[in-house]
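In what follows, a structure is listed as structure tokens, so that the remarks can point back to it.
All residue numbers in this chain count up from 1 along the given sequence.
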Amino acid sequence: MSSMSIFFIFVIVIALLFIVINLILAPHNPYQEKYSAFECGFHSFSQSRSQFNITFFIYALVFLLLDLEILLLYPYAVSAYSNGPYGLIIVLIFTTIVTIGFVFELGKGALKIGSRQGSSMGKKNSTVIISLIGDSSSSNNVPKGRNI
């Protein structure tokens with residue numbers, strides 16, 4: 001048995017030992033306050049989930065793709081002296097395919113995030129429709145069913 005395999009076995013045994021000691025000796029007294037949601041010192045009083053634009057997911061996927069590309073190029077960079085021209089051609093083909101996909105995505109406008117800041121500034125002729133349900137023939141012009 002090599003010293004590296006002994007080291008891995010030792011680390012696994014120590015980790016399991018610590019988990020068992022924690023389960024045996026740690027106090028376990030759950031109550032309602034421990035199971036409730038806690039946000040920055042305040043109790044949660046509403047739903048914390050909110051809608052956001054799907055382009056954030058697209059950015060995350062592009063980041064993941066390019067991050068994995070760097071991860072896949074790392075072995076070539078480490079062993080570049082022994083790869084030769086064949087390894088260089090394979091890496092260039094891989095990089096070219098990923099770059100073409102990224103340029104295609106840029107060309108389709110998938111990475112554009114629309115700004116809400118100036119969207120209503122340029123539109124001067126926006127229409128607001130207000131409808132009241134009720135009888136307009138009443139003497140005080142208050143729709144039925146509303147108390148003012």
Side-chain angles (χ1 to χ4, degrees), residues 1-134 143-148:
M1 207 184 247
S2 70
S3 62
M4 188 59 91
S5 59
I6 292 173
F7 175 73
F8 281 128
I9 292 171
F10 179 72
V11 167
I12 291 171
V13 167
I14 292 293
L16 291 175
L17 182 70
F18 284 158
I19 289 173
V20 169
I21 289 173
N22 184 28
L23 290 174
I24 293 172
L25 299 178
H28 183 72
N29 53 355
Y31 53 93
Q32 183 64 29
E33 200 65 31
K34 281 188 176 181
Y35 289 129
S36 66
F38 183 76
E39 298 175 5
C40 300
F42 299 103
H43 295 288
S44 62
F45 45 86
S46 67
Q47 182 62 262
S48 62
R49 297 178 183 173
S50 62
Q51 293 181 353
F52 55 93
N53 202 342
I54 191 70
T55 54
F56 293 113
F57 286 116
I58 294 173
Y59 270 100
L61 288 174
V62 169
F63 172 76
L64 181 66
L65 179 70
L66 295 176
D67 192 40
L68 288 176
E69 178 191 8
I70 292 170
L71 180 71
L72 291 173
L73 289 176
Y74 182 74
Y76 175 77
V78 171
S79 63
Y81 64 90
S82 64
N83 286 332
Y86 177 73
L88 178 64
I89 291 170
I90 296 298
V91 166
L92 288 178
I93 289 172
F94 174 71
T95 307
T96 303
I97 290 171
V98 172
T99 304
I100 288 172
F102 184 65
V103 170
F104 178 75
E105 208 167 45
L106 284 176
K108 286 290 189 178
L111 299 178
K112 290 183 181 176
I113 297 179
S115 175
R116 294 183 188 175
Q117 190 172 11
S119 62
S120 64
M121 300 290 278
K123 296 180 180 180
K124 295 289 184 184
N125 56 0
S126 61
T127 305
V128 177
I129 299 173
I130 301 174
S131 64
L132 296 173
I133 299 173
K144 289 182 180 176
R146 288 185 76 184
N147 295 328
I148 298 179

Revision key, fill the gap. Sorted by chain and residue number, the side-chain contact (heavy atoms from CB on, under 4.5 Å) partners of S2 (sequence neighbours excluded) come out as M4, S5
**Study point:** Interatomic distance, I14 atom CD1 to F10 atom CZ [nearest 0.5 angstrom]
**Key:** 4.0 Å
Check your understanding: OG1/T96 to CD1/I89 distance, rounded to the nearest 0.5 angstrom?
Key -> 11.5 Å
Revision key, fill the gap. CG (L72) and CZ (F94) are apart, to the nearest 0.5 Å, by 4.5 Å
Review point. Could you give the distance from CD (E69) to CG (L64), rounded to the nearest 0.5 Å?
Key: 12.0 Å
Check your understanding: Taking only residues two or more places apart in sequence or in another chain, which ones pass ring pair (Phe, Tyr, Trp, His ring centres under 6.0 Å) with F104?
Key -> none
Review point. Can you check whether L71 reaches D67 side chain to side chain, under 4.5 Å on heavy atoms?
Key: no
Practice item. Supply the atom-to-atom distance I21 CD1 to L16 CG, rounded to the nearest 0.5 angstrom. Key: 11.0 Å
Exercise for review: Return the set of residues passing side chain to side chain donor-acceptor pair (under 3.5 Å) with N22 (not counting sequence neighbours), or none when no residue passes.
Suggested key: none
Point to revise | Gap separating the CD1 atom of I70 from the CG atom of L65, nearest 0.5 angstrom | key: 10.5 Å
Exercise for review: Answer whether the closest heavy-atom distance between the side chains of L88 and N83 falls below 4.5 Å.
Suggested key: no
